[in-house]
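Following: one structure in structure tokens, then a few remarks.
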Amino acid sequence: MGQVLTAGTPIAVIGAGTMGAGIAQVAALAGHPVLLYDTDSDRLQAAVSGLHAQLGKLAERGKLGPEQAAAAAERIGTARDLGELAPAGLVIEAIVELLTAKRDLLSALEDVVKPEAVLASNTSSLSIDAMAAGLRVPGRVVGMHFFNPAPVMRLVEVVHGELTDPAVVAAVHELAGSWGKIAVRVASSPGFIVNRVARPFYGEAHRLVEEGAADPATIDAVLREAGGFRMGPFELTDLIGQDVNLAVCTSVWVATHFDPRYTPSGWQRGLVEAGRLGRKTGRGVYGYDGGAKPEPSTAPRAAVPAHVSAGVGLGPLEPLVARAAAAGIQVEPGGLPGELLFPRARAALTTGALAGEAAGGLPLVSLDLAMDYRTATRIAVAAGSGCPPEALAEVVGFLQAAGLAVTVVADTPGLVVMRTVARLANEAADLAGRGVAEAADIDLAMRHGANYPIGPLEWADRIGTERIRQVLDAMEDRYRDGRYRPSLALRRLSGRSPRGEETGR
Ligand code: NAI
């Protein structure tokens, strides 16, 4: 098609709700004449007044020049019927998330817009192929998935169906980039990148609560303070809405023909059925009526152990020894590879097995993963039922002396952060391996669409894909429900980088 979309291209935005209004603001600020259309004329008028007010506020706060804000406001017009959208070179629809409604709209648009106009959908879950089916020119239909709030969130997933013209994908990708967005390419598939790869962040947290490993406030704290995530899964879903999060999960589960990796949580469904939707209803996982937020469970202060030695090959745990040394604790060489040795206990990074299953010797305390052991402020640990409290206390005392708050969780395969990250990496490797998206784009998408501190594939690189595979295999062995099975892509990597450096991809 030789598609070119420039700053002067008129843009039509259909659906003047939350997303449509945000997208109109982005396009107008980027210099495009924007025509906004909605079947509900009250919503349309409210959106335009809201946009004017928003642009005015940005100017007042000094985020925009007053002329810039006024010019953007002036570029936003409204259409009373679809026919008025004829001049648009790009139409972005953000109407209700219903396949039939979107199909009808696209088919009506075919009779209105020029043959070379691009038809983009902001759908978060529908198939681009299904939407384009039956159109005269399916090649011009593309997904342009913005994140809420569209003016703030930098990610745009550019979603292509089987029939989408590559020139259309390239033009939309370039246009989004010229708006200051981070655009990633992804093939139409359930959840695209972000809503697919992020599922375990919620799913594992739900399972931990369901199994009584720890309470929500503790899991949130561990994922924030050890995992480096900006928000824990429970505070985040209370913000998004438990109903909205459950709907995304259910839609990916259904679209993947009930893959057990995405089975929705019965516990979360219970919250939704009880009307505990989160901040918007005043109560979700937490209460929002002004009461104090529950504190995470933190182990009481324990004595520094009399003696500590470290085996070779501690891997990701290495910085813990340096932190302890900096705090004046002498760590001698000694003990088994990959383990810290204390008078009455040993400690090692979780392998995905239960701590209580460890063979022979002193009782084993499993240590959870931290994104960066040099800076983490908390760490989760677990011991088997055969581990005496005074043995566990030696490990706790050591970690506390190294400057970490310690959370003791029930003996759980893969503890908290490791199981989450192993599954995120598995999802990401699976998408890359299937060619749904490039590895680099998957990491970018998770950092900018979900605010992850680091992309899951870069994370997998740091920990080692072989270790991730071992953790997943061990967990699958414990649960035997298909949820932790390593993807073929992860198995094929067998220790190599998922980001292609060593495979030359
Ligand atoms: P919304 O309910 O705030 O707005 C939808 C608007 O579309 C309403 O004003 C409605 O009157 C209008 N509308 C419905 N049918 C129409 C039609 N046939 N023609 C013209 N206008 C019509 O919905 P929201 O949240 O803005 O979502 C819109 C789309 O964006 C959906 O596809 C949704 O999945 C997607 N999306 C939503 C995100 C969110 O966080 N809300 C994030 C990313 C994508």
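Residue indices begin at 1 and follow the sequence shown. Counting convention: from 1, in listed order, for ligands and their atoms alike.
- Those atoms of ligand 1 with a heavy atom of Glu97 less than 4.0 angstrom away are 31 (C), 32 (O), 33 (C), 34 (O).
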When you look at Asp430 and Arg434, which way does the salt bridge (Lys or Arg N to Asp or Glu O under 4.0 Å) test go after all the steps? CA-CA 6 Å; Asp430 190 25; Arg434 288 168 191 255; 2.9 Å; yes
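- At a heavy-atom distance under 4.0 Å, no atom of Phe147 approaches ligand 1.
- A heavy-atom distance below 4.5 Å is found between the side chains of Leu82 and Leu109.
- A heavy-atom distance below 4.5 Å is not found between the side chains of Ser265 and Arg207.
- For atom 44 (C) of ligand 1, the nearest non-hydrogen atom from the set Asp38, Asn122, Asp104, Thr39 belongs to Asn122.
- Taking the side chain as every heavy atom from C-beta outward, Tyr452 and Leu424 approach each other to under 4.5 Å.
- Distances between N or O atoms of Met19 and those of ligand 1 include at least one value under 3.5 Å.
- Atom 4 (O) of ligand 1 has Gly17 CA, 3.2 Å as its closest protein atom, hydrogens excluded (heavy atom only).
- Closest heavy-atom approach to atom 13 (N) of ligand 1 within the set Ile14, Leu98, Ile95, Thr123: this belongs to Ile95.
- When hydrogens are left out, the protein atom nearest atom 40 (O) of ligand 1 is Asn148 CB, 3.3 Å; that is the closest non-hydrogen contact.
- Within a 4.0 Å radius of atom 36 (N) of ligand 1, the protein has at least one heavy atom.
- Of the heavy atoms in Arg43, only side-chain atoms (C-beta onward) come closer than 4.0 Å to ligand 1.
- Distance from atom 3 (O) of ligand 1 to its nearest protein heavy atom, with residue and atom name: Thr18 N, 3.0 Å.
- At a threshold of 4.5 Å between non-hydrogen side-chain atoms, the residues Val158 and Val186 do not count as touching.
- Under a 4.0 Å criterion applied to the non-hydrogen atoms of Lys102, ligand 1 contributes the atoms 31 (C), 32 (O).
- Exactly one of Leu99, Leu106, Thr100 qualifies for a side chain to side chain contact (heavy atoms under 4.5 Å, CB included) with Arg103. That residue is Leu99.
- Contacts with ligand 1 closer than 4.0 Å are made by no heavy atom of Leu105, backbone or side chain.
- An N or O contact shorter than 3.5 Å is missing between His145 and ligand 1 by distance.
- In this structure, a donor-acceptor pair under 3.5 Å is absent between the side chains of Glu93 and Tyr37.
- Atom 43 (C) of ligand 1 has as its closest protein heavy atom Phe146 O, 3.2 Å.
- Contact analysis puts Ala94 in contact with ligand 1, with a non-hydrogen atom separation below 4.0 angstrom.
- Ligand 1 has no N or O atom lying under 3.5 Å from any N or O atom of Asp40, backbone or side chain.
- Residues passing the ring pair (Phe, Tyr, Trp, His ring centres under 6.0 Å) test with Tyr288, sequence neighbours excluded: none.
- Using a distance-only test at 3.5 Å, with no hydrogens or angles considered, a donor-acceptor pair links the side chain of Arg496 to the main chain of Arg492.
- Under the 30°/60° scheme for interplanar angles, the aromatic rings of Phe234 and Trp267 are found to stand perpendicular.
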